[in-house]
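A short write-up of the structure that comes next.
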2 protein chains.
Amino acid sequence: MNLKELARRLDLSPTTVSRALNGYPEVNEATRERVVAAARRYNYQPNTRAIRLATGRAMAIGHVIPIATRHEIVNPVFADFIAGAGEVYSRSGYDMVLSVVPDEAEEQTYRDLKSRGTVDGVIVHAPRLDDPRLPLLREVGLPFVVHGRSSGSAEPYSWVDVNNRRAFRRATEFLLDLGHRRIALVNGLEFMDFAIRRRAGYTEALAERGIASDPAIMFSDEMTESSGYRAAKAALALPDPPTALLVASIISAMGVRRAIEEAGLKLGRDVSVIIHDDELSYLKNGEEVPIFTATRSSVRLAGRLAAEMLIDMMGHPGGPPRERLLEAELIIGQSTGPLQSNATSHGALPDAPALAAGAAKP
Amino acid sequence: MNLKELARRLDLSPTTVSRALNGYPEVNEATRERVVAAARRYNYQPNTRAIRLATGRAMAIGHVIPIATRHEIVNPVFADFIAGAGEVYSRSGYDMVLSVVPDEAEEQTYRDLKSRGTVDGVIVHAPRLDDPRLPLLREVGLPFVVHGRSSGSAEPYSWVDVNNRRAFRRATEFLLDLGHRRIALVNGLEFMDFAIRRRAGYTEALAERGIASDPAIMFSDEMTESSGYRAAKAALALPDPPTALLVASIISAMGVRRAIEEAGLKLGRDVSVIIHDDELSYLKNGEEVPIFTATRSSVRLAGRLAAEMLIDMMGHPGGPPRERLLEAELIIGQSTGPLQSNATSHGALPDAPALAAGAAKP
DNA sequence: TTGAAAGCGATACCAC
DNA sequence: GTGGTATCGCTTTCAA
């Protein structure tokens, strides 16, 4: 069933039917009702391809995933963001177009996306320092919103970001409050903007308590199991090993755990770990207690906001860039365990509500 | 630059230009060369929207992700599949359209995808037993390929699947060869077809050695950290705890590890674990040694094959359904450790090459 | 308030 | 070999 056929059955012109269905004010209410009723009766669905050609809009948003950055698509964070954005697209009648392309073809992909009119705009993932994609997209004339920020960018741009710096600062403070003085950082690759910010939060928290950050226990690598393992292994082998580790991803945390086991240490007794990027929980008296910092739901929200922002921007071309910083929902019900051994104890475990409310200091 | 404009500059008709660019044989070679040269000179890119309307094809493949099945998009397996399929789409000029929809809207989504002409076909993910999507898609008339199988389907259908049954059988055999006699299974939800097949492989391997499978150490749940924890906790609390666990996902494996630690056991000394769905590795003398069964690269291959299959099917409507079973690349260089304690030892660890080659029995 | 008709930018049939 | 033109199904002036 197409527009022309529907119009014929209603004995109306396609023009009027189109207007009625698209909510134009000039149609007679009675007519509109007739049209709407008929449309649902015949299960009329407008042909997307025709709409696209006629309006010149793709009604689609692109997400380009370079394939060498393979960990990225696996990264739960990426999936959550996609899920959030996808919700918005469904609601708004947009399609989400995922392009999985070899690293070196990324630039050409953006150009094609534009010149072939496949998408109306794109979301930029995993920005690096002074990311070359931003000037490229500007040159090409494709509206975009960045998930994350790109320090060093000359021009302003629109972004949605989770406050990674603050999240890591708070996680570090939490460990400090537990009495830890030697805290390792197992970070992602530090040419990624988010990793830089995370490190900044970590070092700030240490500095504030007068603790110098020690490069010997600060690691930066792909967020894989084996890199987590290597980092933790190296850290624990030091003459003055850390009593706690702050880990950037659940995948690297797998490796960290393995290293801890191999070292003959017990998690929660000899050493504490906080994992960013995931929600885990303990069962305690039959109830689930959240234990880690959780950014995942924030990331999903970021996906929603970025999608909404982009759609709105496309409706107002030439508008100013927009920015939105989200606080990660830092939920800590119980750490993986305080270590009182060779660290100066600061007293009891801070209580969860206080932390959740943002008061990192007990 | 569009076709008409390009034709004008060449002083040719749009028809000829179109033919030249699309490789039609009737075009004079000299003309074709002129056209091709001009096209690249002016950086002409045909407008996708127009092609779609004119040809009636969407040049797009849909992937529908129900949102309640949230773990699915997070699942590394899903991401690998997407990456594999995405490669093929890029090469073939297809777009990948991801629809993230609330569970209850899934059926309507498929109908819309068809009637609005957004996609030419779809890939069905995570099939269940006698999955209702298959008859629906047939009714709607949308070509599809299933990633996995749906036992109980009345009609034949096209699918690509990793041999989960054999992978689990071999992993189980591997543990048996190490001397384990009491092996727990931490499986996914067993209304998912793949989980059913995995269990089958596990029980078969046991039966073959005359070991009755014990429901007390067979667990089936969402593949989350806490369900893995619960399963392992329960298993290890039994009067006759397992000496090895076969775990279906890396996420549940996180929980399994936690339970093992809490029980005061040491992985690799007191208990062995094989994790499906991921590649991990140990560092041994500075070299990485793979330790787990790895299906991930197979899954990526499955994505490629499914995409190719679907594209080919769409080119030959009315053709027969196709099937493709992939053996998982079962790589076991080193288990997480044999347990000789209360299990009857069968001798040495089988060597990696033999296992990789498919000889599960030493 | 409604309708006729001209696009949108390709493809593809039919003449020449 | 090449070109004219209808067509895909909708939107959007412009007139009535």
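Below, chains carry the letters A, B, ... as their sequence lines are ordered, and counting in each starts from 1. Reckoned from all heavy atoms, side chains included, excluding hydrogens, waters and symmetry mates.
- OP1 or OP2 of C/dG9 has not a single side-chain nitrogen or oxygen of B/Y44 nearer than 4.0 Å.
- Counting any heavy atom pair closer than 4.0 Å across all strands shown, A/R19 reaches a base atom.
- The distance between atom CG of A/L6 and atom C1' of D/dT11, rounded to the nearest whole Å, is 16 Å.
- Residues A/R324 and A/D161 fail the side-chain proximity criterion, which asks for heavy atoms closer than 4.5 Å.
- Using modelled atom types, one side-chain atom of A/T55 and one backbone atom of A/R57 make a donor-acceptor pair closer than 3.5 Å.
- Taking 4.0 angstrom as the limit, B/T16 places none of its side-chain polar atoms (N or O) nearer than this to OP1 or OP2 of D/dG1.
- We find that CD of A/E29 is positioned 12 Å from C1' of C/dT1, with the value rounded to whole Å.
- Under 4.0 angstrom from either OP1 or OP2 of D/dT12 there lies at least one side-chain N or O belonging to A/Y24.
- For A/A54, the listed nucleotide lying nearest its side chain is C/dG7; candidates were D/dT2, D/dT12, C/dG7.
- Summarising the geometry, the separation between NZ on A/K4 and P on C/dG3 is reported as 16 Å, rounded to the nearest angstrom.
- Judged by distance alone, with hydrogens and angles left aside, B/S18 brings no side-chain donor or acceptor close enough to the base of C/dA12 to form a pair under 3.5 Å.
- Proximity of A/V145 to A/L310: side-chain heavy atoms (C-beta onward) are separated by under 4.5 Å at one or more points.
- Per the geometry, CG belonging to B/N22 stands 16 Å off C1' belonging to D/dT2, to the nearest Å.
- Aromatic rings from A/F78 and A/H147 are positioned such that their centres are separated by 6.0 Å or more.
- A cation-pi arrangement is absent between A/R300 and A/F81 under the rule of less than 6.0 angstrom and at most 45 degrees off the ring axis.
- Between the P atom of D/dG3 and the CG atom of B/L10 lies a distance of 10 Å, rounded to the nearest Å.
- Residue-level contact check: B/T15 touches the bases, meaning some heavy atom is under 4.0 Å from a base atom.
- Distance, B/L3 CG to D/dT5 P: 16 Å, rounded to whole Å.
- Separating the CG atom in B/L3 from the CG atom in B/L21 is a distance of 7.5 Å, to the nearest 0.5 Å.
- Across all strands, B/I51 comes closer than 4.0 Å only to sugar-phosphate atoms, never to a base (heavy-atom distances).
- Nucleic acid contact class of B/T48 (heavy atoms, under 4.0 Å, all strands): none.
- Summary of the strand contacts: A/R49 and B/P25 both lie near DNA chain D, and taking for each the nucleotide with the nearest heavy atom, the more 5' one is attributed to B/P25.
- Nearest to the side-chain atoms of A/L12 among the listed nucleotides D/dG4, D/dC10, C/dG3 stands C/dG3.
- In terms of position along DNA chain D, the nucleotide closest to B/D11 lies nearer the 5' end than the nucleotide closest to the other residue of the pair B/D11 and B/A50.
- Nearest nucleotide to the side chain of A/N47, out of C/dG3, D/dG9, D/dT12: D/dG9.
- Geometrically, A/R133 does not engage A/Y110 in a cation-pi contact defined by less than 6.0 Å to the ring centre and at most 45° from the axis.
- Under 3.5 Å, the side chains of B/S151 and B/D193 contain a donor-acceptor pair of N or O atoms.
- Between D/dT2 and B/S13, no contact under 4.0 Å exists linking OP1 or OP2 to a side-chain N or O.
- Put simply, CH2 on B/W159 and CG on B/L325 are 5.0 Å apart, with the number rounded to the nearest 0.5 Å.
- Atom CZ of A/R52 and atom C1' of C/dA10 are 16 Å apart (whole Å).
- When the nucleotides C/dA10, C/dT2, D/dG9 are ranked by their closest atom to the side chain of A/N2, D/dG9 comes out on top.
- With D/dC8, C/dT11, C/dT2 as the choices, the nucleotide that has an atom nearest any side-chain atom of B/L53 turns out to be D/dC8.
- Each end of the helix from C/dT1-D/dA16 to C/dC16-D/dG1 gets its own rotation axis from five pairs of C1' atoms, and the angle between them is 40° to the nearest 10 degrees.
- Atoms CD (A/E26) and P (D/dC14) sit 14 Å apart, rounded to a whole Å.
- For B/T31, a side-chain nitrogen or oxygen approaches OP1 or OP2 of D/dT2 to under 4.0 Å.
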